[in-house]
Protein chains: 2
Amino acid sequence: MNHYTTILREHNLKATPQRLEITNALHLNGHMSIERLYEIMLKKFNSISLATIYKNINLMLEASLIQEVKIPNTKSVYELTKESHSHTVCSECREITDIDLDLSKIETLATEISAFKIDYTDLVLSGICKKCQ
Amino acid sequence: MNHYTTILREHNLKATPQRLEITNALHLNGHMSIERLYEIMLKKFNSISLATIYKNINLMLEASLIQEVKIPNTKSVYELTKESHSHTVCSECREITDIDLDLSKIETLATEISAFKIDYTDLVLSGICKKCQ
DNA sequence: CTGGGTGCAAAGTATTTGCATGAAC
DNA sequence: GTTCATGCAAATACTTTGCACCCAG
């Protein structure tokens with residue numbers, strides 16, 4: 001049985017073909033906007049509704065199965081939840097890429113400066129990727 | 001003459017009372033959503049239009065007079081442009097605060113790992129602020 | 001005075017909701 | 001069989017646009 005079938009059911013979400021295709025598309029593409037996801041989904045389900053996409057994205061967000069990524073000057077994209085990581089975004093080709101960076105020093109410093117108790121840290125590096133330089 | 005009068009004119013924007021009040025409100029409040037800004041502006045201009053807010057926010061963004069800040073689980077807020085800095089957001093009181101952190105080590109590391117040429121870095125720390133702990 | 005800005009109304013875009021039908025389990 | 005998801009249409013929310021009038025410079 002598909003991995004995401006199990007995960008969906010663990011969150012009391014039925015494993016419909018539409019939902020499995022959302023997880024599949026995110027797995028293959030990494031980061032997708034609602035708009036892009038809709039285009040992809042249309043290829044498999046020619047009468048899928050945007051409402052279905054929105055409803056499922058919201059349910060999956062609540063279940064922490066996926067996460068929203070907010071990038072400057074861009075619509076939000078969504079990704080499957082994985083270990084904490086940062087993102088790069090290329091201003092040329094617009095590609096969004098995961099990058100693993102150790103932020104613990106920064107977080108320690110921030111806590112010392114401000115007595116703020118950090119739950120999670122979002123870091124986005126904007127610039128030009130290797131290919132576009 | 002008001003500082004922002006000068007800056008607006010330098011960008012070929014007339015220094016109208018509405019625009020000066022936007023800069024003033026941002027100066028006093030730090031970070032504001034469109035909605036909150038509209039509420040504040042209504043106190044001074046009882047017939048101001050949301051369209052005026054949107055038009056001016058967009059013009060000021062183009063002029064780099066202000067910047068959009070994207071925070072997880074929240075509508076975008078805007079702030080007056082200043083030196084690069086990070087933000088904390090409290091999940092309890094929702095307050096957004098500036099914090100100065102030296103990100104150069106992280107940026108150097110990121111460049112080494114990925115050959116990505118960084119133009120700017122956005123860092124948001126989510127958690128609980130001192131007051132709410 | 002003149003060009004650009006404002007407020008209003010309408011249009012456009014994005015997202016959510018209600019409901020009848022259909023599919024998952 | 002029962003519950004919940006889907007797709008459609010309508011409703012709501014958010015943002016932009018067009019235009020007549022007005023004000024900053």
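From a predicted model like this one, the values you see are computed outputs, not experimental measurements. In the text below, chain A, chain B and the rest are named by the order of the sequence lines, each starting its count at 1. Quick note: numbers below take in every heavy atom, side chains included, and nothing from hydrogens, waters or symmetry partners.
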[N], OP1 or OP2 - any side-chain N/O from [X] closer than 4.0 Å?
| X | N | result |
| --- | --- | --- |
| A/Gln18 | C/dA23 | no |
| A/Asn56 | D/dT6 | yes |
| B/Ser49 | C/dT6 | no |

Length of the line joining [X]:[atom1] and [N]:[atom2], which is rounded to integer Å:
| X | N | atom1 | atom2 | answer |
| --- | --- | --- | --- | --- |
| A/Glu39 | C/dA14 | CD | P | 12 Å |
| B/Ile48 | C/dG5 | CD1 | P | 14 Å |
| A/Leu20 | D/dA5 | CG | C1' | 13 Å |
| A/Ile53 | C/dA14 | CD1 | C1' | 14 Å |
| B/Met41 | C/dT6 | CE | C1' | 11 Å |
| A/His11 | C/dC25 | NE2 | P | 15 Å |
| A/Lys44 | D/dT6 | NZ | P | 16 Å |
| B/Phe45 | C/dC8 | CZ | C1' | 17 Å |

Review point. Take atom NE2 in B/His11; do more than 12 heavy atoms of anything else shown fall under 6.0 Å from it?
Key: yes

Point to revise | Nearest heavy atoms of B/Cys90 and B/Ile128, plus distance in Å | key: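 In terms of heavy atoms, the two residues are closest at SG-CA, 4.0 Å.
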
Practice item. Please report the closest heavy-atom contact between A/Leu125 and B/Ala110, naming both atoms and the distance. Key: CD1-CB, 3.5 Å

Exercise for review: Taking only Lys NZ, Arg NE, NH1 and NH2, and the carboxylate oxygens of Asp or Glu, determine whether A/Lys70 and B/Asp122 approach each other closer than 4.0 Å.
Suggested key: no

Review point. Within the side chain of A/His31, is there an N or O that forms a donor-acceptor pair under 3.5 Å with the backbone of A/Asn29?
Key: no

Review point. Can you list the residues that meet the salt bridge (Lys or Arg N to Asp or Glu O under 4.0 Å) rule with A/Lys131, with sequence neighbours excluded?
Key: A/Glu95

Check your understanding: Quick one: on DNA chain D, does A/Ser47 or A/Leu59 contact a more 5' nucleotide (nearest heavy atom)?
Key -> A/Leu59

Exercise for review: State whether a side-chain donor-acceptor pair under 3.5 Å links A/Glu68 with A/Ser76.
Suggested key: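 Side-chain D/A pair, A/Glu68 to A/Ser76: present.
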
Revision key, fill the gap. Protein heavy-atom contacts under 4.0 Å, written 5' to 3' over nucleotides 15-25 of chain D as B (base), S (sugar-phosphate only) or - (none), form the string SBBB-----BS

